[in-house]
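Because the structure is predicted, anything quoted here is derived from the model rather than measured.
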Amino acid sequence: MSKSFVIWGCAGHAKVLASLIESQGGQILAFFDNREVSSTFLGVPVHFGEHGFDQWVKSAKSLSNLSGLVAIGGHRGADRMKIQSIFRAAGLKLEPVIHPTAFVCNTATIGEGSQVLAQAVVAAESKLGDACIINHKASVDHECILGDGVHLAPGATICGCVSVGDNVLIGAGSVVLPRLKIGSHSIIGAGAVVTKDVPALSVIIGNPGRPRY
């Protein structure tokens, strides 16, 4: 893991990432947010929007050893991807971060800027795209393929050989049964049990999972 980071986002998920970084001996040099919010991290400034980021880049001595992380969760995978592209264009690294209590199989692939948090599992031959979040105690079983900007909320489980499209939110405690396909930009509600393929742009709730109309 890198030792120096900047984070886009200042809400709860930022606190999770900051705790992880600091527990590994790293430091946070700056926060960015699209809202005018106060920093909850003493001594770490907050810069507002893309203009604030551009101004910070101009004032920074060197970006070559810094990594950028996006602390925006939920169904906003496209926003995470956009901000990662801003970081990349500025020369920041976008390495994945993995909590020391998580398990990531050595045959799994983790995309740029993706986050695997405490007690999460990414099993054999699974592939995570860029800007994914595998939250606390979430599980990605063997040979799953996740697109860019996917978020598994705490305790969510996707069973083996599941395919998940881009910018999907899989809610807390939900379960996706094996060999199913979840279409891009879909939301799986908390506690849902998905037993059939899900078309793109769907919202699925309940057990068994059904579309919300």
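To the nearest 0.5 Å, atoms CD1 (Ile205) and CZ (Arg210) are separated by 4.5 Å. Within the model, atoms CG of Leu146 and CD1 of Ile133 stand 12.0 Å from one another, a figure rounded to the nearest 0.5 Å. Atom CD1 of Ile98 is separated from atom CG of Leu20 by 10.0 Å, given to the nearest 0.5 angstrom. In this structure, Lys15 NZ and Leu17 CG are separated by 12.5 Å, a value rounded to the nearest 0.5 Å. In this structure, the separation between NE2 on His151 and CD1 on Ile187 is 12.0 Å, given to the nearest 0.5 Å. Going from atom NZ of Lys181 over to atom OG of Ser163 covers 6.5 Å, rounded to the nearest 0.5 Å.
Linking ILVMFWY residues whenever their side-chain heavy atoms come closer than 4.5 Å, directly or via other members, leaves Met81 and Leu152 in distinct clusters. When the side chains of ILVMFWY residues are joined at heavy-atom separations under 4.5 Å, either directly or via intervening members, Leu92 and Val70 end up in a single hydrophobic cluster. When the side chains of ILVMFWY residues are joined at heavy-atom separations under 4.5 Å, either directly or via intervening members, Val140 and Ile145 end up in two distinct hydrophobic clusters. No path of Ile, Leu, Val, Met, Phe, Trp and Tyr side chains, each step under 4.5 Å between heavy atoms, connects Leu169 with Ile158, placing them in separate hydrophobic clusters. Linking Ile, Leu, Val, Met, Phe, Trp and Tyr residues whenever their side-chain heavy atoms come within less than 4.5 Å places Val44 and Ile21 in a single cluster.
Applying the salt bridge (charged side-chain N to carboxylate O under 4.0 Å, His left out) criterion to Glu22, with sequence neighbours excluded, gives no partner residue. Looking at residues two or more places apart in sequence or on another chain, you find no side-chain hydrogen bond (donor to acceptor under 3.5 Å, both in side chains) involving Asp130. Here Asp141 pairs with nothing under the side-chain hydrogen bond (donor to acceptor under 3.5 Å, both in side chains) rule; sequence neighbours left out. Qualifying side-chain hydrogen bond (donor to acceptor under 3.5 Å, both in side chains) partners for Arg88, counting only residues two or more places apart in sequence or in other chains: Glu112.
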Worksheet item: Does the side chain to side chain contact (heavy atoms under 4.5 Å, CB included) test come out yes or no for Ile134 and Ile110, once each step is laid out?
Response: CA-CA 11 Å; Ile134 311 302; Ile110 311 296; over 6 Å; no

Practice prompt. Verify side chain to side chain contact (heavy atoms under 4.5 Å, CB included) between Leu117 and His13, making sure each step is shown before the conclusion.
Written response: CA-CA 11 Å; Leu117 301 180; His13 195 67; 3.7 Å; yes

Discussion item. Set out, in order, the CA-CA distance, both residues' side-chain angles and the distance that settles side chain to side chain contact (heavy atoms under 4.5 Å, CB included) for Ile83 and Phe53, then state yes or no.
Written reply: CA-CA 11 Å; Ile83 294 167; Phe53 178 75; over 6 Å; no

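In terms of heavy-atom proximity, Ser126 sits nearest to His142 at OG-C, 3.7 Å. Between Ala153 and Ala172, the shortest heavy-atom contact is CB-N, 3.3 Å. Looking at every heavy atom in both residues, Ser114 comes nearest to Cys132 through OG-N, 2.9 Å. Ser174 and Gly189 get closest at one heavy-atom pair: CB-O, 3.6 Å. Across all non-hydrogen atoms, the minimal contact from Cys144 to Cys159 is SG-O, 3.0 Å.
Judged by distance alone, with hydrogens and angles left aside, the side-chain atoms of Asp166 form no donor-acceptor pair with the main-chain N or O of Gly147 at under 3.5 Å. Looking at Ser184, its side chain never comes within 3.5 Å of a backbone N or O of Asn167 through a donor-acceptor pair. Using modelled atom types, no side-chain atom of Thr109 and backbone atom of Lys127 make a donor-acceptor pair closer than 3.5 Å. Under the 3.5 Å distance criterion, the side-chain polar atoms of Thr107 are matched with a main-chain donor or acceptor of Glu125. Between the Arg179 side chain and the Cys161 main chain, no donor and acceptor come within less than 3.5 Å of each other.
Chaining together hydrophobic side chains whose heavy atoms lie under 4.5 Å apart places Val121 alongside Phe103.
A ring-ring contact (aromatic ring centres under 6.0 Å, His included) with Phe32 holds for exactly one of Phe48, Trp8, Phe5; it is Trp8.
Residues Asn135 and Val16 fail the side-chain proximity criterion, which asks for heavy atoms closer than 4.5 Å. At least one side-chain heavy atom of Gln27 sits under 4.5 Å from a side-chain heavy atom of Ser4.
Counting only residues at least two apart or in different chains, side chain to side chain donor-acceptor pair (under 3.5 Å) contacts with residues 192-201 are absent.
Around atom NE2 of His75, no more than 12 heavy atoms belonging to other residues, nucleotides or ligands sit under 6.0 Å away.
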